[in-house]
*Asks:* 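Take this structure, written in structure tokens, and hold onto it; I'll ask about it next.
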Amino acid sequence: MSEPLLGDRELELVSDCLRRGWISSGGEYVEAFERAWARYCGREYGIAVSSGTAALQVALGCLNLQPGDEIILPDFTMFACAVAVVSWGAKPVLVDADPETWCLDVSRIEEKITPRTKAIMAVHIYGHPVDMDPLYDLAHRYNLIIIEDAAEAHGAEYKNRRCGGFGDISCFSFYANKIITTGEGGMVLTDRRDWADRARQLRNLYFGTRERFLHEDIGFNFRLTNLQAAIGLAQLETIEERLAKKRWLAIAYNERLKEVSGLQLPIEKPWAKNVYWMYGIVVNPETGYDARRLGQKLNEYNIETRPFFIGLHKQPALIKRGLVTKETYPVSDYLSSQGLYLPSGLTLTESQIDRVCEALRRILR
Ligand SMILES: *Cc1c(COP(=O)(O)O)cnc(C)c1O
């Protein structure tokens, strides 16, 4: 369900890299991919890195965080978001999910702001954008930075503007199951020249600009290769088709599942363009099912599904470091208990969708 769907164009550009010996990170394709993706998202600077996790680490590395600084982020998100925060010695402060969009509940953020709060991480979950206007209001009033994680929302829009174009600094993943992929890869976008420069240094071991082997700070090797960037460039040429296919998939599922009782389907707020990166459903516990049992049942019909994320407050890695408070996150808990995503790959056919929906109808009857 995560096939990257590679084509002749990818092969052509990768072959060009190989023929010309551009197999590492110095070369035209990395810069061309950075420019192309930054332009697509309406940003000034793009800094390609080796993964979405690396992008988040680099983005947080631009904020000059001090130990004990707090970053507000959704409880219901991918673990990489917390890793990036913790890796800089900052403290993750979690906010429960919105029951409809599954993104962080913007109305619950203000109660979490303290004098140590530095930034809010807005993660567009499964392709649906966060409600950005009230988030901006808050950020403005409390002088906070917005970090956008658009790893699951390539091409998604909030009020006709593309996701990745909002954060003071924004992050993407190009992992194999994302809408545009480089196999492994990621990117940081920003309009700030100073952050772009720092991000490039953080990506590349902070080699000296005057004296190469004098390093002014700690950096990493988070470089993307030309081979990967070439794949990304070829993929980007087909982004409109990819997005159209995801929407077609979601509409097809919606039509077939809207009458099935006990299912909550993904939504699209009036201000949003959802790209349905993954088509998620939430099963009502009154059906007698939770996500894991429903997944097992679907598996008996040879249908592969994945359960939703498990909230950050449940992660042993954070609990044992004393980074989780006693607070509860009921919406996030509900989503991880009852939510799963159906096959959402770009090669899915109408008859396969029919088969998935027929199985669900039978199971939930
Ligand atoms: C995939 C993903 C990441 C991490 O990206 P990798 O390339 O796998 O490191 C981060 N955040 C979100 C929301 C993701 O979906």
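We count ligands from 1, going down the list as the structure has it; atoms in each ligand are counted the same way.
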*Asks:* Of Thr117, Val85, Leu144, which meets side chain to side chain contact (heavy atoms under 4.5 Å, CB included) against Ile71?
*Replies:* Val85
*Asks:* Of all residues at least two apart in sequence or in a different chain, which pass the side-chain contact (heavy atoms from CB on, under 4.5 Å) check with Cys103?
*Replies:* Thr101, Ile125, Val130
*Asks:* Among residues at least two apart in sequence or on other chains, which ones pass side-chain contact (heavy atoms from CB on, under 4.5 Å) with Ser50?
*Replies:* Ala54, Phe222
*Asks:* Taking the six-membered ring for Trp and the single ring otherwise, decide whether the centroids of Phe309 and Tyr126 are under 6.0 Å apart.
*Replies:* yes
*Asks:* Measuring from each atom of ligand 1, which residues have a heavy atom under 4.0 Å away?
*Replies:* Ser51, Gly52, Thr53, Leu56, Met78, Ala80, Val123, Asp149, Ala151, Glu152, Ser173, Tyr175, Lys178, Gly185
*Asks:* Going by atom type alone, with no hydrogens or angles, which donor-acceptor pairs under 3.5 Å involve a side-chain atom of residues 133-141 and a protein atom two or more places apart or on another chain?
*Replies:*
residue: Asp133; atom: OD2; partner: Lys159; partner atom: NZ; Å: 2.5
residue: Tyr136; atom: OH; partner: Phe166; partner atom: O; Å: 2.0
residue: Arg141; atom: NH1; partner: Glu110; partner atom: OE2; Å: 3.1

*Asks:* Would you please indicate if the ring centroids of Tyr40 and Phe172 are separated by under 6.0 Å?
*Replies:* no
